[in-house]
Chemist: 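Below: one structure in structure tokens.
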Amino acid sequence: MLACVLSTNLTSIPLLGAETVKADLNVRDLNGDGQQNMLDVMEYYKKEIIAVCRHTGIFPSVLMGQAIHEGGINGSSLVTEANNWFGIKYFDQLGERFGAKPYSCPTFEFYGGVRSNITAEFAHFKNPGSGLLAYSELFWNGLYDNTVKKEIYDLENATWESMAWAVHQSPYATDPNYYSKLKDCIEVFNLTKWDKLAFPDGRKRAGAPDGSEVKEIGEYPDDGYNMKDVDLEAPKSLSGVGEEPDVGDPNFSGWDKAINIDFASGMLTTKWADSYPILKGIEESQGYIGGVFSGANLVKGAGKNYEIVLGGYKMITQKQYDYGSDMGSNGCGPTSMAILVSNFTNSSVDARNIYDSFVSRGYTSGLGTDNTAIINQMNDWGYKTYATGSIKELERALRSGKTAILHVGGYDHFGRIGGHLPPWQGHDCGHYCVAIGIKGNKVLVCDPGWSDADNEIDLNYIDQRAKNFYIVTPPKGWKLKKA
């Protein structure tokens, strides 16, 4: 966290500006509203936003409302090029404290109630997390005086409306209609739902971003949305919100692009390195060059298919224990792959052949199957596959007709949730299964693990138990058939 707080004697410096030049955002529809705009950007940074607000006492609705008002719902060049959501003006302390650099941009301000077009020097942050830190510190400092600060510390009585009004009254807001515009942003885009997520039982804490001058009247739930769960200095950028990840060069792509590489490096010093030679480096695994994965041939007619109905649709599932006791204990990954391809090709795919090939190459062991092998094998077969940790991205993909392999249960080694996850369908172990479709908020899951495990499972249940999701694009024209 921050070592100190900014001086409140900053009344001569207009740190925050009005709307800047518009720029189209290259983002996916992460919140499922059919639009692609700043709401999706903020959905991508949900954990960071909620964590900062819980830590300081700022209402998320006010934070997000200011971001939309300052940069516009479709974003600005400050958002897309400078990681600056709030029109924060540049000054030397931002460079010293947050590594910001100056960024010139045309904008407008109000002087004596009269609009003036100007070119101002804004802050260019190294990532949006640094921008959030700077904003939270400026906000906590009262945006030049103690008007806002009093609202932050009034945990029992302050509302988002009173906090927004305090921002309007502070010397920061040059627009005489600032409150009404900010209030419109919050109400039109229903941003108060974020307040309910951040403060399910009301605000419990207020304080400086550096952890000083804290007032607390309770604790927030340990639900993954607290400061210990995020790293605002991490190099997370808008590139992660753009087009679907390009699987590109298969060499180590699973760890390099989709998984926490720092954790992967840490695993090299543990027992995992002995069981997963892929973690030691591509030169030792010999599995991702020249299509070597084609050795895992799809033998049709030798699989063990069951036709089931979920959500009113017919589909094929398989059970790993049908292939023997070894696969019964650690064959969920290869069996999940066989389930998907059996559905795609309307045939019976032999999971045993996939399993034996993976074992011979070190991708499957007594500990299970390496996720990177699954990603690369599916891509090698021609089914575009990429990893994501976003439940919204999983939902979006399923609603668009894609499928997924879910990595659930056990211990989360990838840091999406962290720690030991709740049991998956009553079983306390790491596991792979297939999301074949979605109906309402229920995901249609073909689970190879247990006889009664094929189910319609709520998205929230999956979100709480999943380490990662491996999105798989089916063949063109493929879709589930109605029962």
Side-chain angles (χ1 to χ4, degrees), residues 250 254 272 274-278 285-288 290-308 310 314-383 385 403-410 424-425 427 429-436 444-455 468 470 472 474-475 478:
W272 289 83
D274 296 328
S275 299
Y276 287 79
I278 187 175
S285 71
Q286 302 177 5
Y288 298 155
V292 176
F293 267 121
S294 59
N297 295 315
L298 292 174
V299 179
K300 298 179 181 179
K304 303 178 185 297
N305 286 358
Y306 300 92
E307 187 174 281
I308 61 171
L310 290 176
K314 295 189 294 185
M315 60 200 67
I316 294 169
T317 192
Q318 293 190 13
K319 300 301 170 184
Q320 63 195 77
Y321 49 74
D322 283 346
Y323 290 96
S325 60
D326 53 349
M327 286 189 65
S329 64
N330 60 7
C332 54
T335 310
S336 292
M337 297 164 70
I339 290 172
L340 268 183
V341 182
S342 293
N343 278 281
F344 292 164
T345 61
N346 194 29
S347 63
S348 184
V349 172
D350 188 358
R352 163 62 68 179
N353 202 66
I354 304 171
Y355 177 88
D356 288 347
S357 178
F358 273 26
V359 169
S360 70
R361 289 168 170 79
Y363 306 138
T364 295
S365 72
L367 293 173
T369 299
D370 180 66
N371 65 298
T372 316
I374 293 176
I375 294 171
N376 282 275
Q377 178 63 84
M378 296 302 293
N379 276 299
D380 193 66
W381 286 335
Y383 306 114
T385 302
T403 62
I405 293 177
L406 311 180
H407 199 181
V408 299
W424 174 259
Q425 298 207 71
H427 297 270
C429 61
H431 188 52
Y432 291 105
C433 56
V434 172
I436 198 78
L444 312 182
V445 174
C446 295
D447 193 321
W450 307 280
S451 60
D452 58 349
D454 301 303
N455 277 316
N468 256 322
Y470 308 112
V472 182
W478 177 88

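Nothing fancy with the numbering, it's 1 onward along the sequence.
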Chemist: Specify the closest pair of heavy atoms between Gly409 and Trp424, including all atoms of both residues, with the distance to one decimal.
Modeler: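 Minimum heavy-atom contact is CA-CB, 4.5 Å.
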Chemist: List the atom of Trp381, the atom of Ile354, and the distance in Å for their closest heavy-atom pair.
Modeler: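 For Trp381 versus Ile354, the nearest heavy atoms are CH2-CD1, 3.6 Å.
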Chemist: Is any side-chain heavy atom of Asp326 closer than 4.5 Å to one of Arg352?
Modeler: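 Touching, per the 4.5 Å side-chain cut-off.
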Chemist: According to salt bridge (Lys or Arg N to Asp or Glu O under 4.0 Å), does anything in residues 330-342 pair up with another residue at least two apart or in another chain? List the pairs.
Modeler: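 For residues 330-342: none.
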Chemist: Treating Thr385 as the side-chain partner and Tyr383 as the backbone partner, does any N or O pair qualify as donor plus acceptor under 3.5 Å?
Modeler: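 Confirmed, Thr385 side chain pairs with Tyr383 backbone.
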Chemist: Once rounded to the nearest 0.5 Å, what's the spacing between atom CH2 of Trp450 and atom CD of Gln425?
Modeler: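 The distance works out to 7.0 Å.
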Chemist: Tell me, with the steps shown, if Asn346 and Ile316 meet side-chain contact (heavy atoms from CB on, under 4.5 Å).
Modeler: CA-CA 8 Å; Asn346 194 29; Ile316 294 169; 4.3 Å; yes
Chemist: Are the side chain of Asn305 and the backbone N or O of Ser347 linked by a donor-acceptor pair below 3.5 Å?
Modeler: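 Checked: pair present.
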Chemist: Between Ile436 and Asn343, is the side-chain contact (heavy atoms from CB on, under 4.5 Å) condition met? List the steps.
Modeler: CA-CA 9 Å; Ile436 198 78; Asn343 278 281; 4.0 Å; yes
Chemist: Strictly distance-based, threshold 3.5 Å: is any side-chain N or O of Asp380 a donor or acceptor partner for the main-chain N or O of Asn376?
Modeler: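 Not at all, since once roles are kept as given, no pair shorter than 3.5 Å links the two residues.
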Chemist: Sort out for me which residue in Leu340, Val445, Thr317 forms a side chain to side chain contact (heavy atoms under 4.5 Å, CB included) with Val434.
Modeler: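 Going through Leu340, Val445, Thr317 one by one, the side chain to side chain contact (heavy atoms under 4.5 Å, CB included) with Val434 is satisfied by Leu340 alone.
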Chemist: Do Tyr355 and Asn330 have side-chain atoms, one donor and one acceptor, less than 3.5 Å apart?
Modeler: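 Checked: Tyr355/Asn330 side chains pair up, N/O donor to acceptor below 3.5 Å.
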Chemist: Where is the tightest heavy-atom contact between Gln320 and Gly449, given as atom of each residue plus distance?
Modeler: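 In terms of heavy atoms, the two residues are closest at OE1-CA, 3.5 Å.
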Chemist: Taking Asp447's backbone N and O only, do any of them form a donor-acceptor pair with Asp454's side chain (distance below 3.5 Å, no angle check)?
Modeler: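 Checking the backbone N and O of Asp447 against the side chain of Asp454, a donor-acceptor pair under 3.5 Å is found.
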Chemist: Test your reading of the model: is there a side-chain donor-acceptor pair from Tyr432 to the backbone of Thr369, 3.5 Å cut-off?
Modeler: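 At least one qualifying donor-acceptor pair exists.
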Chemist: Roughly how far apart are Met327 CE and Thr335 OG1, rounded to 0.5 Å?
Modeler: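 Result: 3.5 Å between the selected atoms.
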Chemist: Return the minimal non-hydrogen interatomic distance between Thr403 and Trp478, and the atom names on each side.
Modeler: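 Closest heavy-atom pair between Thr403 and Trp478: CG2-CZ3, 3.9 Å.
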Chemist: Can you name the nearest heavy-atom pair linking Pro334 to Thr364, along with the distance?
Modeler: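 Smallest heavy-atom distance, with atoms named: CG-OG1, 4.2 Å.
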Chemist: Measure across Cys446 and Cys433 and return the closest heavy-atom pair with its distance rounded to 0.1 Å.
Modeler: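 Scanning both residues completely, I find the closest heavy atoms to be O-CB, 3.8 Å.
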Chemist: For the pair Ser336 (side chain) and Cys332 (backbone), establish whether a donor and an acceptor sit closer than 3.5 Å, ignoring hydrogens and angles.
Modeler: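 Checking the backbone N and O of Cys332 against the side chain of Ser336, a donor-acceptor pair under 3.5 Å is found.
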Chemist: Could you check whether the rings of Tyr470 and His407 sit parallel, tilted or perpendicular, using 30° and 60° as the cut-offs?
Modeler: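 Tilted: the ring planes of Tyr470 and His407 meet at 30° to 60°.
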Chemist: Do the ring planes of Phe358 and Tyr363 sit parallel (below 30°), tilted (30 to 60°) or perpendicular (above 60°)?
Modeler: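 Because their plane-to-plane angle is over 60°, the rings of Phe358 and Tyr363 count as perpendicular.
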Chemist: I'd like to check the side chain to side chain contact (heavy atoms under 4.5 Å, CB included) partners of Asp322; sequence neighbours left out, ordered by chain and number.
Modeler: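 Residues passing side chain to side chain contact (heavy atoms under 4.5 Å, CB included) with Asp322: Lys304, Tyr306, Lys319.
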